[in-house]
Asker: 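Dropping the structure in here first, questions after.
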Amino acid sequence: MTGPGAQAVSAAGGAIPPAVELIGLNKHFGPVHANRDVCISVPRGTVHGIVGENGAGKSTMMAMLYGFYKADSGRIRINGEDVHITSPSDAISRGIGMVHQHFMLVEPFTVLENVILGVEQGGMIQGSLNHARKELRRLGEEYGLEVDPDARIRDLPVGLQQRVEILKALYRGAETLILDEPTGVLTPQEADHLFRILDTLRSQGKTVILITHKLREIMAVTDNVSVMRRGTMVAHRPTAETSKEELAELMVGRKVLLRVEKGEAKPGECVVSLENVSYTDDMGRERLKDINLSICTGEILGIAGVSGNGQSELLEVLSGISPISRGRIMFKGEEIAAPGKQSNPQELRRAGIAHVAEDRHRMGMIMDFTAAENTILGYHRGKEINGPVLMDLKKVEGRCMEHMEKFDVRPPIPGLAASGFSGGNQQKIVLAREMEENPDLLLVGQPTRGVDIGAIEFIHKQLITMRDAGKAVLLVSVELDEIMSLADRILVMFDGRIIGEVAAKDATEQALGLMMAGCENPAAGKQECGGDE
Amino acid sequence: MAAPKKLPVWVNAGLIPLINLMAAFAISAVVILAVGENPIEAAGHILYGAFGFGEGIGYTLYYATNFIFTGLAVAMAFHCFLFNIGGEGQAYIGGLGIGLVCLYMGNLPFWAILPLAVMGGALFGGLWALIPAYLQAKRGSHIVITTIMFNFIASSVMTFLLVDWLKKPGSQLPETRHFAEAAFMPKVHEMLASVGLDVARSPLNLSFLIALLCCLGVWIFIWRTRWGYEIRASGKNPKAAVYGGISPSKAIILSMCISGALAGLVGLNELMGVQHRVVVNFTNGYGFVGIAIALMGRNHPLGIIFASLLMGALYQGGAELAFEMPTLTSDMIWTIQGFVILFTGALEHMFRPQLERIFIKSDSEGEVYE
């Protein structure tokens with residue numbers, strides 16, 4: 001390594017070359033120009049945000065920096081030196097570390113074992129473990145990243161798992177850390193904690209590249225921000241000189257409403273009620289504990305909570321996917337679920353319970369099926385599209401075309417495989433399927449996950465329209481913003497229980513965040529919370 | 001994110017299989033050269049043997065009939081994402097059903113025996129597949145393991161039945177008495193002779209037509225009915241199927257039963273068409289070849305027909321080759337068949353990246369995906 005004094009003085013006049021510079025990067029995937037002449041310069045010792053809608057090319061750019069893909073053309077410079085990065089291990093050896101959105105951890109292994117995975121020295125593992133234990137202690141003290149080195153990953157909450165990922169990168173000598181959508185799985189408090197860690201890293205001279213679609217986080221933690229749209233860099237801004245509104249507009253290319261406009265709710269009679277409902281999964285764990293709730297016509301009931309606290313299970317028992325072990329569920333005056341009694345999701349759809357699944361990749365759609373085939377999932381036995389034996393594919397296609405026009409799905413090709421649509425358009429196909437059958441109760445999970453801002457606006461409007469048409473809507477989302485702006489009442493779930501209820505107009509992020517972390521009564525103060533840390 | 005790569009249909013369905021086949025033949029040629037024979041001459045014998053004269057064509061199609069049945073069976077299960085390795089056993093037990101109909105209802109006229117035999121074969125084959133299907137659906141026993149084991153069980157059961165129960169009285173051979181003539185499947189050359197057309201004698205019989213009808217039926221069932229929809233949904237994404245109110249267990253059981261039923265029809269060709277009695281091991285590995293057929297035919301009935309014709313041609317042409325060039329023993333023919341299966345089935349994507357480069361680069365300029 002050359003000393004700092006030997007480094008060339010950059011044209012901008014600073015003595016320290018940028019930690020990372022990408023110059024004119026291009027990447028094609030077949031006909032898709034995923035990155036077009038992308039340039040970015042990340043000064044050393046800063047937190048640099050990269051925002052953009054899904055498919056804007058953020059991940060592709062980072063994948064090239066991290067050596068997953070090779071750029072078609074363009075240069076990568078690290079600390080002022082031209083480099084060729086051909087693999088992640090190449091990137092790591094040049095001081096680049098990555099914390100993926102989905103953690104790359106071996107769950108049954110301990111923290112220590114995960115940290116040394118892939119960088120063990122010698123034939124026996126004990127030496128590496130001892131070395132790593134010392135090193136972890138040092139890193140923990142230096143950056144405020146304490147984790148029990150002997151804890152098993154699967155026993156750690158996600159916030160700590162993420163910390164292990166960061167430690168892994170630092171242990172490998174990372175000077176520049178790339179974090180890909182790091183807060184998706186965290187409570188607001190955990191996210192704040194992460195931001196404090198990023199602060200410490202910055203103050204110790206590390207460089208952080210933060211990829212996110214949450215503008216709030218960009219504003220809160222970054223020094224500079226770069227905006228991508230359709231594979232190109234459209235703007236670089238010092239964070240202090242920009243605003244959420246400007247960034248949103250840059251991302252989408254037009255003005256965007258960040259708040260949802262809606263009138264007062266006019267709740268009517270109750271459509272569905274859960275009475276002391278519990279659910280135990282196949283592994284014998286009680287996922288729902290004594291749930292009591294009801295939803296009325298003309299209102300949106302929001303369920304807030306960190307993912308994995310029973311919201312998915314709530315949707316599943318309501319839609320007939322999972323059986324309940326105690327209590328009962330009443331829908332329009334009829335019992336639809338009780339211990340030993342489970343209604344089929346198809347019957348429930350016919351009766352008027354539509355369900356937009358939380359995860360369209362794993363549940364809501366079949367990615368290999370065409371859009372038209374996905375249009376009838378759950379309604380495929382309907383009399384309108386079936387003869388005695390044959391299914392009327394013309395009608396199925398017609399229905400799909402109708403949905404596509406009404407929900408502005410692009411491209412409007414019913415025969416295209418679902419995987420060929422962007423996230424937002426996939427979600428519109430699912431929403432159209434569930435909303436167009438005129439249900440009385442709409443269950444919606446994560447309606448805008450992986451959906452671009454333009455489509456989010458549209459989807460939110462549709463949900464409000466459903467409400468105003470006198471339907472009952474149950475909205476589950478991990479995005480607090482979404483819950484707070486759409487819901488009329490908010491329930492918070494923690495550890496399978498409903499831990500509190502607030503009217504949307506009285507809700508604050510702080511109070512909801514504390515409840516999401518397990519405080520029954522946030523007003524009483526933090527010390528009563530059953531926190532994880 | 002990598003966008004889905006799209007090749008023109010004719011490249012996907014035509015050029016790629018052709019290149020794969022050529023690669024298989026090229027390697028086979030090397031092997032033939034290595035044993036000191038002329039590969040061009042050998043290819044000529046295979047082609048002539050399979051398609052060069054009426055009898056050869058008849059034999060090719062007769063072999064293809066078996067492959068269509070077993071290939072369809074494997075494909076049917078695969079649409080539910082199940083590997084049915086038990087086609088051999090299901091065909092064997094299906095043959096028992098057909099044999100029983102032909103043995104004990106031989107006094108009926110042919111037009112009555114045929115549907116009964118079809119039902120008998122389908123029922124026995126389907127029920128034989130039902131047991132592993134049930135174990136998979138309700139108990140999670142892996143269908144690959146259970147169907148393999150059921151092949152052995154089928155083999156033992158049939159040997160037992162043929163030796164102890166169904167054997168022709170006074171005979172030493174493990175086979176039944178001959179069927180009544182009414183239970184013989186009409187040969188194609190006989191049928192054509194009756195309308196005045198003269199074609200060469202061969203074992204090709206009416207069941208080839210039944211096999212083609214099965215292809216049509218499977219195609220309609222899988223892509224044009226709600227049951228096929230449910231089976232495909234369960235195969236592609238069981239969680240999404242449950243979300244849509246589809247029971248994956250029922251889909252597993254239904255698709256396996258149909259799969260077994262299709263395999264069970266091999267006996268129409270082999271027993272009613274050729275042997276005219278139930279003999280030991282009449283399935284002769286056709287059930288296993290069905291796996292390769294389905295693989296080559298991409299689990300599509302049309303692809304299965306082509307794959308079956310190819311394999312039928314290799315069987316028949318290979319026999320001709322072994323006859324004409326004695327140094328190329330039947331082991332050598334199997335080697336060639338092995339290469340064909342390897343390249344067109346297991347290594348089907350080997351040349352894909354190169355072709356994608358050729359065909360996608362040429363029209364990629366300046367286009368940005370939405």
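Computation of the quantities below employed the complete heavy-atom set of this structure, encompassing side-chain atoms and omitting hydrogens, waters and symmetry-equivalent molecules. Nothing here was measured: the structure is a model prediction, and the numbers come from that model. Below, chain A is the first sequence line, B the second, and so on; all start at residue 1.
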Asker: Please examine the side chains of V38(A) and M233(A), heavy atoms only from C-beta on, and report whether any two atoms are closer than 4.5 Å.
Answerer: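 Yes - at least one pair of side-chain heavy atoms lies under 4.5 Å apart.
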Asker: If you count heavy-atom pairs within less than 4.5 Å of chain B, which of M365(A), H361(A), K27(A), M363(A) leads?
Answerer: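 The option with the most such pairs is M363(A).
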Asker: Which atoms of L393(A) come close to chain B, meaning under 4.5 Å heavy atom to heavy atom: side chain ones, backbone ones, both, or neither?
Answerer: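 Contact with chain B is through the side chain of L393(A) alone.
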Asker: Fit a plane to each ring of F221(B) and W227(B), take the angle between them on a 0 to 90° scale, and name the class: parallel (under 30°), tilted (30 to 60°) or perpendicular (over 60°).
Answerer: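 If you compare the ring of F221(B) with that of W227(B), the planes turn out parallel.
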Asker: Of the backbone (N, CA, C, O) and the side chain (C-beta and beyond), which part of R349(A) lies under 4.5 Å from a heavy atom of chain B, both, or neither?
Answerer: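 Only the side chain of R349(A) comes within 4.5 Å of chain B.
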Asker: Any luck finding a side-chain donor-acceptor pair between N35(A) and T60(A) under 3.5 Å?
Answerer: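 No - no donor-acceptor pair under 3.5 Å links their side chains.
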Asker: Does the side chain of S73(A) pick up a donor-acceptor pair with the side chain of N26(A) at under 3.5 Å?
Answerer: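 Yes - a donor-acceptor pair under 3.5 Å links their side chains.
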Asker: Where on I376(A) is there a heavy atom nearer than 4.5 Å to chain B: the side chain, the backbone, both, or neither?
Answerer: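 Interface part for I376(A): both.
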Asker: Quick check on M367(A) against chain B: is it the side chain, the backbone, both or neither that has a heavy atom closer than 4.5 Å?
Answerer: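 Neither the backbone nor the side chain of M367(A) comes within 4.5 Å of chain B.
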Asker: Measuring heavy-atom distances to chain B, does R350(A) have an atom under 4.5 Å in its side chain, in its backbone, in both, or in neither?
Answerer: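 Contact with chain B is absent: no heavy atom of R350(A) under 4.5 Å.
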Asker: Shorter than 4.5 Å, heavy atoms on both sides: which option in M391(A), R381(A), H380(A) has the most such pairs with chain B?
Answerer: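 The candidate making the most pairs under 4.5 Å is H380(A).
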Asker: Please state whether the side chain, the backbone, both or neither of E373(A) comes within less than 4.5 Å of a heavy atom of chain B.
Answerer: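 For E373(A), backbone and side chain are both near chain B.
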Asker: Could you tell me which non-hydrogen atom of A75(B) sits nearest to which non-hydrogen atom of N299(B), and how far apart they are?
Answerer: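 For A75(B) versus N299(B), the nearest heavy atoms are CA-OD1, 3.4 Å.
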Asker: Please report the C-alpha distance between M296(B) and F306(B) in whole Å, then the side-chain angles of each, then the deciding distance to 0.1 Å, and finally whether the side chain to side chain contact (heavy atoms under 4.5 Å, CB included) criterion is met.
Answerer: CA-CA 9 Å; M296(B) 283 194 278; F306(B) 281 116; over 6 Å; no
